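Keep in mind it's a predicted model, so treat the numbers as computed, not measured. The sequence lines fix the lettering, A, B, ..., with proteins before strands; numbering per chain opens at 1.
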Amino acid sequence: MPELPEVQTILDALTPLILNREIQSVTPLWPPVIDRPERVLFQQWLQGRRVIETKRRGKYMLFRLDDDRWLILHLRMTGKMRVVNASEPLRPHDRLIFHFSDGDDWRFEDQRKFGRAYLVEDPAEIVGKLGPEPLSDTFDANYLARILARRTAAIKSLLLDQRIVAGIGNIYADESLFLARIHPLRPGSSLTQDEIAALVAAIKTILAQALTEMGTTLRDYRRPDGSTGSFQNSLQVFRRTGEPCPSCGAPIQRIVVAGRSTHFCPREQPLHG
DNA sequence: AAGAGACCCTGGATGC
DNA sequence: TGCATCCAGGGTCTCT
């Protein structure tokens, strides 16, 4: 569900709610949510710890503990987080609870059970293979051109590959390709220098705007206080199949690329020419 | 190595 | 109404 802007928005709201509070115990309501270490060790390592710093890397949330280990969470498609008093009733899809010693709970909720929690000494074990942050200076046209030169796969699927660039998902891939006027099925190596530069600029523009708008709420995504983002009002093509292109009026088309729904304007983003 | 597809899950929407 | 099918902001694994 959440991509870079949603993860950042959630983390920004969550950080002041959890920082420096002592974790007294951990309840895994659905134990497979814990990826590593094994459940008992996960619980032992967290007992008595405090989160002293939070960071985002791609779509991962990183929480540095006061013993220098790192708790890492990935929300995948339907993960949500909230902080409530322990007396609040559980919700049906609550999967993991961090109990603070002052009586509040930090709860991780995840309908589809794809989300995962990790506890590691070196975060590189989890996030080490990720590509650059799309909003950083290391993600530029030269970098992307070097990668794309040897890749024949559709540009859409390459944008979803977190080893190439970290944090872009289905929404922002489609929106960025539309803004750059590039057909999602174009082979990576077929993009010109100008197109690559336009694509990099489009990705940065779209993600920055989505951050300002606190993300895109289509169904599941909520900020920790339950409120929604607003970038769904700015979507040009995503999930607008059959609606007129905001630029030329041609009907938006939907195809499947890399197993994911893909939306584009066939006139503004031609495959040839 | 790179690319395509299956798979992991649940539940809402849609079609017959 | 009931049942079947499709669909979903993600990532990993296997096979070729």
Side-chain angles (χ1 to χ4, degrees), chain A residues 1-11 29-36 56-61 72-81 91-96 108-118 125-131 134 146-177 184-190 203 206-207 209-211 213-223 228-235 237-242 254-263:
Chain A
M1 126 200 157
E3 309 180 32
L4 185 154
E6 291 77 26
V7 175
Q8 186 69 57
T9 300
I10 290 169
L11 189 58
L29 296 166
W30 185 72
V33 69
I34 300 169
D35 181 281
R36 70 190 70 175
R56 179 196 54 74
R57 183 74 175 91
K59 301 170 194 169
Y60 291 84
M61 293 187 233
I72 301 181
L73 297 176
H74 197 301
L75 302 174
R76 295 286 181 94
M77 297 286 268
T78 50
K80 299 179 189 62
M81 295 208 274
R91 291 186 189 168
H93 307 301
D94 283 336
R95 307 298 183 197
L96 183 63
F108 175 59
E109 179 183 14
D110 181 25
Q111 178 201 118
R112 289 177 72 183
K113 300 180 174 175
F114 287 164
R116 289 295 181 270
Y118 314 81
E125 188 181 329
I126 306 300
V127 300
K129 288 181 179 169
L130 294 177
R146 266 203 321 278
I147 301 278
L148 295 186
R150 303 168 172 278
R151 306 296 292 264
T152 59
I155 185 64
K156 165 75 183 272
S157 52
L158 296 173
L159 289 182
L160 295 178
D161 185 341
Q162 303 299 298
R163 294 167 301 186
I164 294 176
V165 56
I168 299 174
N170 212 29
I171 295 178
Y172 301 115
D174 281 6
E175 292 297 312
S176 299
L177 286 167
L185 284 178
R186 289 275 303 282
S189 59
S190 78
I203 288 168
I206 293 286
L207 291 178
Q209 189 192 344
L211 274 168
E213 307 252 3
M214 311 260 217
T216 303
T217 300
L218 295 174
R219 161 181 251 95
D220 296 302
Y221 162 67
R222 288 288 186 288
R223 290 147 64 194
T228 67
S230 60
F231 193 74
Q232 62 274 14
N233 302 318
S234 301
L235 296 176
V237 292
F238 191 78
R239 289 209 201 163
R240 302 191 59 176
T241 311
R254 176 187 178 274
I255 58 176
V256 174
V257 181
R260 317 295 303 278
S261 273
T262 299
H263 315 76

Item to check | Rounded distance (nearest 0.5 Å) linking atom OG of S189(A) with atom CD1 of I155(A) | outcome: 9.5 Å
Next on the checklist: Can you tell me if T152(A) touches the phosphate of dG3(B), counting only side-chain N or O atoms and a distance under 4.0 Å to OP1 or OP2?
Outcome noted: yes
Item to check | Per-pair stack call F114(A) and dG10(C), 5.5 Å, 30° | outcome: yes
Checklist entry - Among the nucleotides dA8(C), dG11(C), dA2(B), which one has an atom lying closest to any side-chain atom of R254(A)? => result dA8(C)
Item to check | Minimum-distance nucleotide (side-chain atoms of R219(A) versus dG12(B), dC9(B), dG11(C)) | outcome: dG12(B)
Checklist entry - How many Å lie between CZ on R76(A) and P on dT10(B), as a whole number? => result 15 Å
Next on the checklist: My validator wants the stems of DNA chain C: runs of 3 or more consecutive Watson-Crick or G-U pairs, both distances under 3.5 Å, written as range with range.
Outcome noted: B:2-8 with C:10-16, B:10-16 with C:2-8
Checklist entry - Which whole-number value in Å describes the distance from I72(A) CD1 to dG10(C) P? => result 19 Å
Item to check | Side-chain (E175(A)) to main-chain (A173(A)) donor-acceptor, under 3.5 angstrom | outcome: no
Next on the checklist: Heavy atoms only, 4.0 Å cut-off, all strands: where does Y172(A) land among base, sugar-phosphate and nothing?
Outcome noted: nothing
Checklist entry - Can you find a side chain N or O atom of H74(A) that sits less than 4.0 Å from OP1 or OP2 on dG10(C)? => result no
Checklist entry - Which heavy atom in E109(A) sits nearest to a heavy atom in D94(A), and how many Å separate them? => result CB-OD1, 3.4 Å
Checklist outcome for this item: The residue among I203(A), I164(A), N170(A) that forms side-chain contact (heavy atoms from CB on, under 4.5 Å) with L159(A) is I203(A)
Checklist outcome for this item: By nearest-nucleotide position on DNA chain C, the 5'-leaning member of R112(A) and I126(A) is R112(A)
Checklist outcome for this item: Looking only at dG10(C), dG3(B), dC9(B), the nucleotide nearest the K113(A) side chain is dC9(B)
Checklist entry - For dC9(B), does OP1 or OP2 lie under 4.0 Å from any side-chain N or O of H93(A)? => result no
Checklist entry - Over how many whole Å does the gap from D110(A) atom CG to dT10(B) atom C1' extend? => result 10 Å
Checklist outcome for this item: The residue, A153(A) or R116(A), whose nearest nucleotide of DNA chain B is more 5′ is A153(A)
Checklist entry - To the nearest Å, how far apart are K129(A) NZ and dA2(B) C1'? => result 15 Å
Item to check | Interatomic distance, L218(A) CG vs dC7(C) C1' [rounded to whole Å] | outcome: 13 Å
Item to check | Residue K59(A), side-chain heavy atoms: nucleotide from dG11(C), dC9(B), dG12(B) that is nearest | outcome: dG11(C)
Checklist outcome for this item: Residues V33(A) and G115(A): closest non-hydrogen pair is CG2-O, 3.8 Å
Item to check | Rounded distance in Å - CG (D161(A)) to P (dG10(C)) | outcome: 13 Å
Checklist entry - Closer than 4.0 Å, any side-chain N/O of Q162(A) to the OP1 or OP2 of dG11(C)? => result yes
Next on the checklist: On DNA chain B, does the nearest nucleotide to S157(A) precede the nearest nucleotide to W30(A) from the 5' side, or the other way round? Give the residue.
Outcome noted: S157(A)
Next on the checklist: What is the distance, to the nearest angstrom, from the CD atom on Q232(A) to the C1' atom on dA8(C)?
Outcome noted: 16 Å
Checklist entry - Can you check the I164(A) CD1 to dG11(C) P distance for me, whole Å? => result 13 Å
Checklist outcome for this item: Of F238(A) and Y60(A), the one whose nearest nucleotide on DNA chain C sits closer to the 5' end is F238(A)
Checklist entry - D174(A) and V237(A): which non-hydrogen atoms are nearest, and at how many Å? => result O-CG2, 3.8 Å
Item to check | Within-4.5 Å side-chain heavy-atom neighbours: E125(A) and I72(A) | outcome: no
Checklist entry - Taking the P atom of each, how far is dT12(C) from dG11(B), in whole Å? => result 24 Å
Checklist entry - Using a cut-off of 4.0 Å on non-hydrogen atoms, how would the nucleic acid contact of G169(A) be classed: base, sugar-phosphate, or nothing? => result sugar-phosphate
Item to check | Shortest non-hydrogen separation from S261(A) to R254(A) and the atoms involved | outcome: OG-NH2, 2.6 Å
Checklist entry - Without hydrogens or angle criteria, can the side chains of Y172(A) and E6(A) be said to hold a donor-acceptor pair below 3.5 Å? => result yes
Next on the checklist: Any donor-acceptor pair, under 3.5 Å, between the side chain of R260(A) and the base of dA8(C), if you only look at N and O atoms?
Outcome noted: no
Checklist entry - Which part of the nucleic acid does R163(A) contact within heavy-atom distance under 4.0 Å: base, sugar-phosphate only, or nothing? => result nothing
Checklist entry - E3(A) has a side chain; which of dG10(C), dG3(B), dC7(C) sits nearest to it? => result dG10(C)
